[in-house]
2 protein chains.
Amino acid sequence: MREFLRTKGYKMTPQREMIFRAFFELGEHVTVEELYEKVRKIDPSVGHSTVWRNLKLICEVGLAEEVKMGDGVTRYDRVTRQPHGHFFCTECKSVVEFNVEPIVDIMTTEAAGRNFAPEHFKVEVHGVCAECREKVGRQTARGTSPGIEDDDHATVEERGNTSR
Amino acid sequence: MREFLRTKGYKMTPQREMIFRAFFELGEHVTVEELYEKVRKIDPSVGHSTVWRNLKLICEVGLAEEVKMGDGVTRYDRVTRQPHGHFFCTECKSVVEFNVEPIVDIMTTEAAGRNFAPEHFKVEVHGVCAECREKVGRQTARGTSPGIEDDDHATVEERGNTSR
DNA sequence: ATTGCAATTGAAAATCGTTTTCAATTGTCG
DNA sequence: CGACAATTGAAAACGATTTTCAATTGCAAT
Ligand SMILES: [Mn+2]
Ligand SMILES: [Mn+2]
Ligand SMILES: [Zn+2]
Ligand SMILES: [Zn+2]
């Protein structure tokens, strides 16, 4: 790793080592906060900005890429798989991947037809995961049952849930 | 309109009328700023928050929905069409729509298989539109040609371009 | 028309994740 | 061992979004 980075013109530092290691240990779709917390447990002196900068660096060198689900926080996804889509649970913020090969094919064709040069495909299905639906008792989703104005099912939790 | 809103428990006001009208006159994928500017030309006294709140209201009553392309600004898209995908030009920020019926079918099946209740599908192709490619001279996109590190092709423009 | 009151408005401030600044520290290379 | 660019941490800056609050205004019932 030290070697890999040097060839790209970057130095290796204890913080960096720590951050890189922690990042790859955490699952996919890591947020700055999650990584920051994890690193802090090892060395509380590591700064927020350092974690952020190194996450950027990891992307820079092509080991991960940013994923923005639209909930306000950026997630960092390892790039060790073929293009894939995301099932994003709006309740617990969990992310599950799925194959998008056939979909990408369609989009590529569509793009070619308009002379649009695709650089990145974003395929997401937002909704409620199996676990959350069980917990809350929603049956079919889509179409708020009459009477229920605001959401605030007050139960579910599984990841940070501070709604921004 | 006044009637429609009243049945939903909202009042009509001159600002609201102005904002609603302006929103539907502007094309699709309007940002708060764009609408704010447009409204300002008619009545400079209208506040930023009022425009924002009414845009939210328009969504509330089901006439539009938020679209977040990941570039930091929220766009508001009229809901007068069947589900569609977006070609998003990262250069000029233009948005072009395309049909996603077959894609939604695939995603629906995929979701069902995982017991995931879909509520919203997001299908985007980020890249460079025909116009921008012409202007800059990029040929194929994907894979930065050697030597070019930073982007800043210093030319193109077509919509706000302050990169956040 | 007048009145009561919740809805609405505009300005300013608060949020909050992201990004930059800056002085101090630390790798790396000759 | 230096020289020096890269890196770091704390704090501040950013910027779009969202909230707060006092003042104003629709509108429905007198
Ligand atoms: Mn992923
Ligand atoms: Mn659209
Ligand atoms: Zn869930
Ligand atoms: Zn373009």
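Fair warning: this is a prediction, and the values are worked out from it, not measured in the lab. Atoms considered below: every heavy atom in the structure, side chains included; atoms not considered: hydrogens, waters and symmetry mates.
Straight-line distance from the OH atom of B:Tyr36 to the C1' atom of C:dA11: 10 Å, rounded to whole Å. One interatomic measurement links the two molecules: CD1 of A:Ile19 to C1' of D:dT7, which rounds to 11 Å at whole-angstrom precision. B:Glu3 places its CD atom 14 Å from the C1' atom of D:dG26, with the value rounded to the nearest Å. Atom CG in B:Leu5 sits roughly 20 Å away from atom P in C:dA6 (whole-Å rounding). With rounding to whole Å, B:Glu17 atom CD is found 11 Å from D:dC27 atom P. The NZ-C1' distance, from B:Lys68 to C:dG17, rounds to 12 Å in whole Å. Protein atom CD of B:Glu34 is 11 Å distant from nucleotide atom P of D:dT17, rounded to whole Å. We find that CZ of B:Arg6 is positioned 17 Å from C1' of D:dT25, with the value rounded to whole Å.
Here B:Phe4 contributes atom CZ and B:Met12 contributes atom CE; the two are 10.0 Å apart, rounded to the nearest 0.5 Å. Taken from CG in A:Leu57 to OG1 in A:Thr50, the straight-line distance is 12.0 Å, to the nearest 0.5 Å. Here the CZ-OG distance, from A:Phe116 to B:Ser94, works out to 7.0 Å after rounding to the nearest 0.5 Å.
Exactly one of B:Ile58, B:Leu35, B:Val32, B:Val67 qualifies for a side-chain contact (heavy atoms from CB on, under 4.5 Å) with B:Tyr76. That residue is B:Val32.
Using a 4.0 Å cutoff on non-hydrogen atoms, the parts of residues 53-67 of chain B near DNA chain D are B:Arg53, B:Lys56, ordered by number. Contacts between residues 7-16 of chain A and DNA chain C, counted as heavy-atom distances below 4.0 Å, involve A:Lys11, A:Met12, A:Pro14. A heavy atom closer than 4.0 Å to some atom of DNA chain C occurs in no member of residues 41-48 of chain A.
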Query raised in the report: So A:His126 and A:Asp71, side-chain hydrogen bond (donor to acceptor under 3.5 Å, both in side chains) or not? Walk me through it.
Result: CA-CA 11 Å; A:His126 294 220; A:Asp71 69 335; over 6 Å; no

Query raised in the report: Should A:His29 and A:His86 be marked as a side-chain hydrogen bond (donor to acceptor under 3.5 Å, both in side chains) after you check the CA-CA gap, both sets of side-chain angles, and the distance that decides it?
Result: CA-CA 10 Å; A:His29 318 113; A:His86 292 131; 3.1 Å; yes

Requested in this report: Go through B:Glu25 and B:Lys38 one step at a time and tell me if the salt bridge (Lys or Arg N to Asp or Glu O under 4.0 Å) criterion holds.
Outcome: CA-CA 10 Å; B:Glu25 276 173 10; B:Lys38 170 139 189 174; 3.2 Å; yes

Requested in this report: Please assess B:His48 against B:Glu33 for the test side-chain hydrogen bond (donor to acceptor under 3.5 Å, both in side chains), listing each intermediate value before the final yes or no.
Outcome: CA-CA 8 Å; B:His48 214 293; B:Glu33 278 310 305; 2.5 Å; yes

Query raised in the report: Where do B:Val95 and B:Glu28 land on the side chain to side chain contact (heavy atoms under 4.5 Å, CB included) test, with the steps shown first?
Result: CA-CA 9 Å; B:Val95 180; B:Glu28 301 122 12; over 6 Å; no

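A salt bridge between B:Glu3 and B:Arg6 is present, with a side-chain N of the basic residue lying under 4.0 Å from a carboxylate O of the acidic one.
Not a single donor-acceptor pair under 3.5 Å links the side chain of B:Arg75 to the backbone N or O of B:Lys68.
For the pair A:Ser49 and D:dT8, the criterion of a side-chain N or O lying under 4.0 Å from OP1 or OP2 is not met. Between A:Arg2 and C:dG27, a side-chain N or O to OP1/OP2 separation shorter than 4.0 Å is absent. Between D:dT18 and B:Trp52, a contact under 4.0 Å exists linking OP1 or OP2 to a side-chain N or O. In this structure, A:Thr74 does not reach the C:dG17 phosphate: none of its side-chain N or O atoms is under 4.0 Å from OP1 or OP2.
Counting only heavy atoms from C-beta outward, the side chains of B:Val96 and B:Phe88 never approach each other to under 4.5 Å.
Defining each end axis of the helix from C:dA1-D:dT30 to C:dG30-D:dC1 as the rotation carrying four pairs' C1' atoms onto the next four, with five pairs an end, the two axes are found to diverge by 30° to 10 degrees.
Residue pairs meeting the side-chain hydrogen bond (donor to acceptor under 3.5 Å, both in side chains) criterion with at least one member in residues 99-115 of chain A, sequence neighbours excluded: A:Asn115-B:Arg133.
In this structure, B:Arg78 has no salt bridge (Lys or Arg N to Asp or Glu O under 4.0 Å) partners at least two apart in sequence or on a different chain.
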